[in-house]
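These notes are about the structure you will find just below.
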Amino acid sequence: MSVGYDSYLVGLQVPTLPDYGDPSSDDLSSDCWDTDDQDSAPVRTSRWRAIRSIVHFTPFIQTYKKSKYPWVQLAGHQGNFKAGRQQGTILKKFCSREKDAFELLKEDPLKPFVPQYYEVVQEEDSEFLQLEDLLGQFTNPCVMDCKLGVRTYLEEELMKAKEKHKLRKDMYEKMCQIDPNAPTPEEHRMRGVTKPRYMVWRETISTTATMGFRIEGIRKSDGTSSKDFKTVRSPDKVKEAFSSFVDGYASVIQDYLDRLYALRNALKQSQFFSTHEVIGSSLLFVHDSSRASVWMIDFAKTIPLPEGLPTLSHDKVWTPGNHEDGYHIGLSNLITIFEEIKKN
Ligand code: I3P
């Protein structure tokens with residue numbers, strides 16, 4: 001595990017004068033409005049549930065070329081997405097950092113690997129980014145969201161959280177649902193954990209800290225979806241999940257590999273990538289029976305490097321202050337897993 005964790009684990013415990021925060025109410029969240037966090041509902045036993053899919057994964061019905069399909073959201077905050085004003089577009093809750101990233105990406109070698117960004121639109125009292133709907137050109141697509149990086153928390157967030165401790169009851173509950181023994185006796189007594197403590201714990205129970213990415217969710221062509229990958233921690237389990245994702249679509253494995261190799265090259269050319277800390281960003285894998293593609297999505301926690309730090313390698317070990325995010329570590333592990341699946 002990254003040495004950065006050792007430094008930060010000290011000080012993530014329950015504060016001496018506890019203050020309680022609400023889900024996504026703190027300014028450290030990449031979310032910018034109140035959420036209806038459905039993940040805090042009790043953990044279900046079944047892995048693939050159609051009914052759960054409808055409730056949790058379909059924020060709206062999308063229309064494309066006169067056909068209607070349930071749009072899929074596998075990660076991120078519930079309530080962040082709406083159907084776009086034009087066909088083939090979606091609206092994502094406005095976040096200025098994400099807008100800045102999309103503006104810069106318009107002129108970058110990564111442009112073909114991100115959804116097209118059109119404009120900011122106002123709907124009722126809120127602003128949204130109008131973006132290309134990546135699912136629009138697929139028929140009944142299989143979708144997988146993998147969050148890249150060895151950590152999901154910006155260094156600046158950790159610093160702020162150390163100054164302003166808040167206990168999160170919702171995160172304590174999410175922790176207990178997965179492992180009732182995970183909270184310390186003190187956290188049990190307060191029925192709360194700090195957000196950094198929860199985020200670091202989430203990173204270490206999944207493959208984030210060790211492999212530089214984790215599976216956030218998978219939607220299969222039979223319409224079932226799952227986000228139950230929080231404790232998938234071993235390379236074998238990841239491989240199992242990936243194999244199941246491409247099951248019945250043998251030809252897409254090479255398509256995914258070609259696209260990932262092309263992305264790796266584009267990242268090497270990208271001025272944007274070398275000068276930004278990329279945290280909480282995902283790769284979205286989408287395929288149907290005729291094609292497959294991968295895009296970089298979610299840039300709400302992608303920020304320019306501080307002055308005095310010209311570039312990142314994205315593959316060096318994270319130590320506090322070096323801002324390394326391990327993006328390339330995750331990408332290279334993803335590629336290796338697809339290469340292994342292809343051999344089998
Ligand atoms: C959430 C996940 C998100 C994080 C969110 C967590 O945990 O770590 O990345 O949002 O924080 O609740 P889980 O996947 O276990 O549900 P940010 O990346 O925006 O910080 P939040 O509840 O403060 O929004």
Side-chain angles (χ1 to χ4, degrees), residues 21-41 52-63 69-86 88-103 105 114-136 141 143-149 152-154 157 168 170-171 174 195 198-199 202 214-219 225-227 229-230 278-286 295-303:
D22 297 325
S24 300
S25 67
D26 65 53
D27 53 4
L28 304 178
S29 173
S30 63
D31 189 27
C32 307
W33 60 13
D34 288 341
T35 62
D36 168 19
D37 189 349
Q38 307 205 21
D39 276 352
S40 50
R52 190 180 180 212
S53 300
I54 295 163
V55 175
H56 288 249
F57 302 94
T58 308
F60 56 87
I61 302 295
Q62 180 72 299
T63 309
Y69 64 92
W71 198 75
V72 184
Q73 184 186 352
L74 291 174
H77 304 276
Q78 301 288 323
N80 273 12
F81 293 93
K82 292 167 72 159
R85 288 179 177 174
Q86 276 91 46
T89 70
I90 52 151
L91 298 182
K92 181 175 185 185
K93 183 198 120 183
F94 178 84
C95 184
S96 62
R97 277 179 170 166
E98 186 156 39
K99 175 180 172 281
D100 293 347
F102 277 123
E103 297 278 9
L105 284 163
V114 298
Q116 202 173 329
Y117 159 63
Y118 301 101
E119 59 182 338
V120 176
V121 299
Q122 180 87 24
E123 294 249 316
E124 291 153 13
D125 289 340
S126 306
E127 285 187 313
F128 293 85
L129 302 177
Q130 179 145 302
L131 302 171
E132 173 188 6
D133 177 5
L134 300 173
L135 307 183
V143 188
M144 175 167 75
D145 181 303
C146 290
K147 194 177 270 193
L148 271 282
T152 56
Y153 221 70
L154 284 161
E157 294 180 276
R168 292 276 298 262
D170 62 312
M171 288 184 161
K174 287 198 280 189
K195 179 166 176 176
Y198 175 79
M199 299 289 268
R202 273 282 273 122
R214 71 178 180 226
I215 305 172
E216 288 284 301
I218 292 182
R219 190 249 188 211
S225 303
S226 176
K227 291 186 193 176
F229 298 98
K230 287 188 176 179
V278 182
I279 297 293
S281 176
S282 286
L283 285 179
L284 193 73
F285 294 77
V286 191
W295 289 271
M296 292 175 80
I297 58 167
D298 295 340
F299 301 103
K301 295 210 289 192
T302 292
I303 58 166

Residues which pass ring-ring contact (aromatic ring centres under 6.0 Å, His included) with [X], listed by chain and number, not counting sequence neighbours:
| X | answer |
| --- | --- |
| F299 | F102 |
| W295 | none |
| Y69 | none |

May I ask you to test the [X]-[Y] pair for a side-chain heavy-atom distance under 4.5 Å?
| X | Y | result |
| --- | --- | --- |
| L134 | E132 | yes |
| R97 | I303 | yes |
| I90 | F128 | no |
| L74 | V143 | yes |
| L135 | V286 | yes |
| E157 | K301 | yes |
| L129 | Y117 | yes |
| P115 | I297 | yes |

Just by modelled atom types, is the A75 backbone N or O under 3.5 Å from a matching donor or acceptor in the Q73 side chain?
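Yes, because the side chain of Q73 sits within donor-acceptor range (under 3.5 Å) of the backbone of A75.
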Strictly distance-based, threshold 3.5 Å: is any side-chain N or O of R219 a donor or acceptor partner for the main-chain N or O of P141?
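Judged by distance alone, yes, a pair lies under 3.5 Å.
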Audit row: R214, R202, side chain to side chain contact (heavy atoms under 4.5 Å, CB included) steps and yes/no
CA-CA 10 Å; R214 71 178 180 226; R202 273 282 273 122; 3.5 Å; yes
Here's one to test your reading of the geometry: is the NZ or CZ of K227 within 45 degrees of the ring axis of F57 and under 6.0 Å from its centre?
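Because its charged atom sits under 6.0 Å from the ring centre and within 45° of the axis, K227 does stack over F57.
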Not counting sequence neighbours, which residues clear salt bridge (Lys or Arg N to Asp or Glu O under 4.0 Å) with D298? List them please.
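In terms of salt bridge (Lys or Arg N to Asp or Glu O under 4.0 Å), with neighbours along the sequence ignored, D298 is linked to K92.
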Only counting residues at least two apart or in another chain, list the ones meeting salt bridge (Lys or Arg N to Asp or Glu O under 4.0 Å) with E123.
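Once residues adjacent in sequence are excluded, the partners of E123 under the salt bridge (Lys or Arg N to Asp or Glu O under 4.0 Å) criterion are K82, R85.
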Looking at [atom1] of [X] and [atom2] of [Y], how far apart are the two atoms once the value is rounded to the nearest 0.5 Å?
| X | Y | atom1 | atom2 | answer |
| --- | --- | --- | --- | --- |
| L91 | E127 | CG | CD | 12.0 Å |
| C146 | I218 | SG | CD1 | 7.0 Å |
| E216 | S282 | CD | OG | 5.5 Å |
| M144 | F285 | CE | CZ | 4.5 Å |
| L148 | L283 | CG | CG | 4.0 Å |
| I61 | W71 | CD1 | CH2 | 12.5 Å |

What are the two closest heavy atoms between Y198 and K230, and how far apart are they?
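Where Y198 meets K230 most closely, the heavy atoms are OH-NZ, 3.8 Å.
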Name all residues meeting the side chain to side chain contact (heavy atoms under 4.5 Å, CB included) criterion together with Q86; count only those two or more places apart in sequence or in a different chain, and write none if there are none.
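If we apply the side chain to side chain contact (heavy atoms under 4.5 Å, CB included) test to Q86, skipping adjacent residues, the hits are T89, Q130.
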For V120 and K99: C-alpha separation, side-chain torsions, deciding distance, then whether side chain to side chain contact (heavy atoms under 4.5 Å, CB included) applies.
CA-CA 8 Å; V120 176; K99 175 180 172 281; 3.6 Å; yes
